[in-house]
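Structure record follows, encoded as structure tokens.
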Protein chains: 2
Amino acid sequence: MSPRRSDPRTRPALVDIAARLLAEEGPRALSTRRIAAEAGTSTMVVYTHFGAMSELVREMVREGFARLEAYLTRVEPTGDPVSDMALLGRAYRMNARANPHLYAVMFSGASPAGFSLSEADRQHGRYTLVHVVDCAARCFAAGRFRAGDAELVAHQMWIAVHGLVTLELGGYLIDPYDPASLFESQLVSLMVSAGDALDLASASVAASAERVDETFGADLGRSVVGDRRE
Amino acid sequence: MSPRRSDPRTRPALVDIAARLLAEEGPRALSTRRIAAEAGTSTMVVYTHFGAMSELVREMVREGFARLEAYLTRVEPTGDPVSDMALLGRAYRMNARANPHLYAVMFSGASPAGFSLSEADRQHGRYTLVHVVDCAARCFAAGRFRAGDAELVAHQMWIAVHGLVTLELGGYLIDPYDPASLFESQLVSLMVSAGDALDLASASVAASAERVDETFGADLGRSVVGDRRE
DNA sequence: TTTTAAACACAACAGCGTTATGGAATGTCT
DNA sequence: AGACATTCCATAACGCTGTTGTGTTTAAAA
């Protein structure tokens with residue numbers, strides 16, 4: 001009395017296909033029939049493995065958080081924790097720019113696709129902040145940040161960078177106030193507002209820029225830069 | 001050789017119906033058939049008046065920016081421009097909380113519904129910042145903010161408040177770091193980072209809280225508070 | 001009044017998520 | 001080995017979606 005077992009690789013393969021379709025052709029390409037055709041099977045695979053399309057999307061969102069975390073974990077602690085913090089911000093923005101559609105789905109709240117994140121998923125999203133929290137604590141220990149609540153500082157960093165990134169992906173930041181310029185000034189502002197001295201913060205933010213290539217130089221995800229409009 | 005003219009009220013009526021459906025029943029309720037049924041006509045009205053569903057959504061987004069502007073224009077200049085600035089931030093957040101689904105569509109970037117904002121629409125969205133820009137200029141004039149670029153200050157305010165609001169609507173800000181607490185501390189941080197003294201900023205932010213009831217007390221939009229998950 | 005072009009109703013098409021049905025495959029038990 | 005149970009998946013269908021023909025009604029201009 002035992003069943004037939006399916007290939008355990010099909011489930012992640014479907015998520016990969018979905019993520020690739022989302023990145024390459026936008027949200028409209030996310031359909032059971034399209035995914036099944038790409039996988040060479042019928043639409044039923046989605047239901048045997050996920051129960052519903054929304055569940056596949058949720059798994060893809062989890063994959064999105066995993067990619068984000070992959071960026072964040074690349075930031076290794078150095079003697080300059082403020083530089084590390086700035087680099088974490090750069091990592092966050094780089095991940096969003098590398099996976100714009102996926103990032104949009106991750107934080108879309110209630111999307112017309114009819115999927116919604118569970119509380120566990122949101123918890124998972126918040127958990128990604130631990131890297132930032134730890135870094136804030138090291139900024140305290142180094143005397144660079146005003147001693148206080150590391151989680152609070154992490155939240156403030158998250159809010160500011162997330163706000164910039166979402167407006168950037170929405171196409172709202174242009175010309176004299178382009179995302180890149182705003183981001184640089186914002187990083188310094190954040191560090192200063194957390195307690196660092198202006199000259200030290202500027203130097204550390206500049207130092208973090210130097211570390212970008214060596215930190216994120218390698219492959220770091222098959223992420224394809226999908227164009228905003230399909 | 002002249003055509004039949006339709007009732008000029010039907011077009012805004014359709015937008016109103018769509019906005020109400022979005023607020024009351026979420027994005028899933030936005031369909032031509034549902035809207036037509038609600039209006040007592042056939043689905044063709046959408047195509048005679050808008051050409052496509054996506055165009056109706058875009059018009060609804062414009063309506064969303066109009067509502068946002070209605071909130072912002074309620075903030076009247078006083079002798080304390082920093083308090084005005086904080087109140088503008090509160091207005092922004094109140095509008096988003098009053099029309100959560102509409103706000104999500106406004107900034108969803110590329111939504112699965114297959115609509116995308118035009119550059120003109122984004123320009124319209126950016127134009128909403130003029131109130132904040134003017135207020136920043138008055139903060140300069142009053143010697144409260146470090147003299148500088150008013151548009152830059154406005155962008156930084158926008159980014160920070162938008163970041164908090166989107167994470168709040170996404171359900172990511174909870175318990176000890178709930179949106180309300182974070183928002184209060186963030187307002188002070190923003191003012192200080194713009195150049196205001198800490199004690200003055202705290203006082204002005206507190207003063208802005210006192211002005212909320214009298215400023216936004218009235219009706220201010222038929223906006224219904226739609227629940228996040230349908 | 002006749003003409004004419006826009007507005008709308010109705011029906012249809014392709015596509016969507018989902019489900020019912022049935023066959024094929026596989027691990028376990030007799 | 002053979003029988004069985006149980007899962008996987010293909011096929012077809014249901015109700016829904018946006019969109020588009022087709023044809024009719026309607027109001028304004030000639």
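To find a chain, count down the sequence lines: A is the first, B the second, and so on, and within it residues start at 1.
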> Stepwise, does the salt bridge (Lys or Arg N to Asp or Glu O under 4.0 Å) test hold for R34(B) with E25(B)?
Replying inline: CA-CA 11 Å; R34(B) 188 81 160 78; E25(B) 306 183 28; 2.4 Å; yes
Distances for protein N/O vs nucleotides 16-22 of chain D N/O pairs under 3.5 angstrom?
unit_1	atom_1	unit_2	atom_2	d
dT17(D)	OP1	S31(B)	OG	3.1
dG18(D)	OP1	L30(B)	O	3.4
dG18(D)	OP1	T32(B)	N	3.1
dG18(D)	OP2	T32(B)	N	2.8
dG18(D)	OP2	T32(B)	OG1	2.7
dG18(D)	N7	R33(B)	NH1	2.6
dG18(D)	O6	R33(B)	NH2	2.8
dT19(D)	OP2	Y47(B)	OH	3.0
dT19(D)	OP2	M53(B)	N	2.8
dT19(D)	O5'	Y47(B)	OH	3.3

Would you mind writing out the side-chain donor-acceptor pairs for residues 125-137 of chain B within the sub-3.5 Å range, not counting sequence neighbours?
unit_1	atom_1	unit_2	atom_2	d
R126(B)	NH1	G171(A)	O	3.1
R126(B)	NH1	Y172(A)	O	3.2
R126(B)	NH2	E119(B)	OE2	2.5
R126(B)	NH2	Q123(B)	OE1	3.1
T128(B)	OG1	H124(B)	O	3.4
T128(B)	OG1	G125(B)	O	3.2
H131(B)	ND1	T128(B)	O	3.4

>> Can you pull out every ring pair (Phe, Tyr, Trp, His ring centres under 6.0 Å) where at least one residue sits in residues 42-63 of chain B? Sequence neighbours excluded, please.
In response: none
> Taking only N and O in the side chain of H49(B), is any of them less than 4.0 Å away from OP1 or OP2 of dA6(C)?
Replying inline: no
> Near DNA chain C, under 4.0 Å by heavy atom, which residues of residues 4-12 of chain B?
Replying inline: R4(B), S6(B)
>> Using whole Å, what does the distance between atom C1' of nucleotide dC9(D) and atom CG of L14(A) come to?
In response: 12 Å
> What residues form a salt bridge (Lys or Arg N to Asp or Glu O under 4.0 Å) with D7(B), not counting sequence neighbours?
Replying inline: R9(B)
>> Among residues at least two apart in sequence or on other chains, which ones pass side chain to side chain contact (heavy atoms under 4.5 Å, CB included) with T41(A)?
In response: A36(A), A39(A), V45(A)
> Which whole-number value in Å describes the distance from I35(A) CD1 to dT18(C) C1'?
Replying inline: 14 Å
>> Can you list everything that forms a salt bridge (Lys or Arg N to Asp or Glu O under 4.0 Å) with E59(B)? Sequence neighbours excluded, please.
In response: R11(B), R62(B)
> How is S42(B) classified with respect to the nucleic acid when contacts are heavy atoms under 4.0 Å: base, sugar-phosphate, or nothing?
Replying inline: base
> Mind checking what makes side chain to side chain contact (heavy atoms under 4.5 Å, CB included) contact with A180(B), not counting sequence neighbours?
Replying inline: R93(B), D178(B)
> Can you list the residues that meet the side chain to side chain contact (heavy atoms under 4.5 Å, CB included) rule with V212(A), with sequence neighbours excluded?
Replying inline: L87(A), R90(A), M94(A), F216(A)
